[in-house]
There are 2 protein chains.
Amino acid sequence: MNTRSGALVADTGRRNEAAILNAAIQAFGTQGFNGASMRDVARGADTSLSNLYNYFPSKSKLLAAALRHANAELRGRILAAVELAGDDAPSRLREAVRAHVGFVVDHRTATLVATNELRYLDPEDRAALVEDRDATQATFEQIVAQGSADGTFRTPYAGDAARAILSTVAAIATWYRPDGPLGRGQLAEQYARFALALLEAPLAR
Amino acid sequence: MNTRSGALVADTGRRNEAAILNAAIQAFGTQGFNGASMRDVARGADTSLSNLYNYFPSKSKLLAAALRHANAELRGRILAAVELAGDDAPSRLREAVRAHVGFVVDHRTATLVATNELRYLDPEDRAALVEDRDATQATFEQIVAQGSADGTFRTPYAGDAARAILSTVAAIATWYRPDGPLGRGQLAEQYARFALALLEAPLAR
DNA sequence: AGGGCACCAGAACGAGTGTTCATGTTGTCC
DNA sequence: GGACAACATGAACACTCGTTCTGGTGCCCT
């Protein structure tokens, strides 16, 4: 399984696929999709340029595949966290945010690629991945709706609150450094509270 | 002056400079810094490729110049708004957020370029622009500190709250469409409230 | 009148791009 | 043992890139 740290893609049936995908995320993340070359990816995956095309038919399909892995991992973590949480909206939201923050911290580069380089995909791939992302967002929106309906979230702007929360969480990837002052857990706790406060939920003090 | 809508750069002493800068923002914003070519910029500015080099010595210096204009405009709007606000932290924050949201809405593309393409600058230019951005962020941090000190903002995480607020506001540029359901004013109001709620300020209800 | 300066454009250069091709090598199933 | 698929490679192709070069306008200043 994908554990807390290390590469995003652990293994696939094919010999070098995981290495290529991870190298792609690394390259696209640090230099951007257009700034990174297939030669960079090949170097990072420790294979030859032409061999990449035995695994992926084009650069943009490679990006699409990498983003599919990232989305799947993120979605899995969030659904698992919500599953384990209580039934009330605040604890469900809390756990969902904590899981999302955890993913962003563990896979900062993948998060950056997912938010910045989506637009370089072919229209069909982009549409499919946007749908994926919207599904994740919908999970948050449902929790917000639940809390709004039962009166725990008192914000008058429930419709856009989930998007606001998710964008802050994603932005963590742009500044977080693992050797910085904030640990994984503190950060998750902090953003869970930001989220509940933004929703105008009553907070323990 | 730069009004509510239209191009970011209004005019400079030189004949085509503004057109080039605006075309650069447009090109870099829609295709990314590495995805857009100097030929694209020239086409957008309705001039020749080689003429660009009479105004800017290189592609990355052109990006730097465009971002300097964007930063100056953003900073000017925020400082003016804070100036006009009352002395208390909530109204100062409210007006600062409203001004920032206004800039993002008016110059979505410039905002996207400023957040996504900063990394492609030469180290010196990037450092200078990061300093600019941090100065803007510091304005928010000071307001947060003021409200924390006098007890109106009760969040225990005042240190990171400004960054959280600013990242949500910047992210508006990724999804806002002027023909969408939300008007400029409603959006500003909404995000001002998000910001105050996140800071755990008492809210009129 | 004429020198200088700001502005402009077309052609070219060398480097790097994504992708394809031809050609192995390896291991696995009948 | 031999066919076949999966995996691997270096060389090449057609193209685009940022930048420079060469040459040329028109306008202002003295």
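The chains referred to below are lettered A, B, ... by the order of the sequence lines, with proteins before strands, and numbering in each begins at 1.
- A sub-4.0 Å separation between OP1 or OP2 of dC8(C) and a side-chain N or O of N16(B) is present.
- Aromatic ring pairs are classed by plane angle as parallel below 30°, tilted from 30° to 60° and perpendicular above 60°; the pair Y157(B) and F194(A) is perpendicular.
- With values rounded to the nearest 0.5 angstrom, D106(B) atom CG is found 11.0 Å from L74(B) atom CG.
- Between the CG atom of D122(A) and the P atom of dG18(C) there is a distance of 15 Å, rounded to whole Å.
- We find that CG of N34(B) is positioned 12 Å from C1' of dG16(C), with the value rounded to whole Å.
- Below 30°, between 30° and 60°, or above 60°: for H100(A) and F103(A) the angle between ring planes is above 60°, a perpendicular geometry.
- Using a cut-off of 4.0 Å between Lys/Arg side-chain N and Asp/Glu carboxylate O, R94(A) and D88(A) are scored as not salt-bridged.
- Looking at heavy-atom distances under 4.0 Å, A42(A) makes no contact with the nucleic acid at all.
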Protein and nucleotides 9-15 of chain D: nitrogen or oxygen contacts under 3.5 angstrom:
from	atom 1	to	atom 2	distance (Å)
dT9(D)	OP2	T47(A)	OG1	2.9
dT9(D)	OP2	S48(A)	N	2.9
dT9(D)	OP2	S48(A)	OG	3.0
dG10(D)	N7	S50(A)	OG	3.3
dG10(D)	O6	S50(A)	OG	2.6

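- Rounded to an integer number of Å, the gap from Q31(B) CD to dG18(D) P is 11 Å.
- Using a cutoff of 4.0 Å between basic side-chain nitrogens and carboxylate oxygens, R163(B) and D134(B) are not scored as salt-bridged.
- Following rounding to the nearest Å, F56(A) (CZ) and dC7(D) (P) show an atom-to-atom distance of 11 Å.
- One atom, OH of Y53(A), and another, P of dT19(C), lie 4 Å apart when rounded to the nearest Å.
- Protein atom OH of Y55(B) is 13 Å distant from nucleotide atom C1' of dA9(C), rounded to whole Å.
- The CE-C1' distance, from M38(B) to dG10(C), rounds to 16 Å in whole Å.
- Within 6.0 Å of CD on E124(A) lie more than 12 heavy atoms contributed by other residues, nucleotides or ligands.
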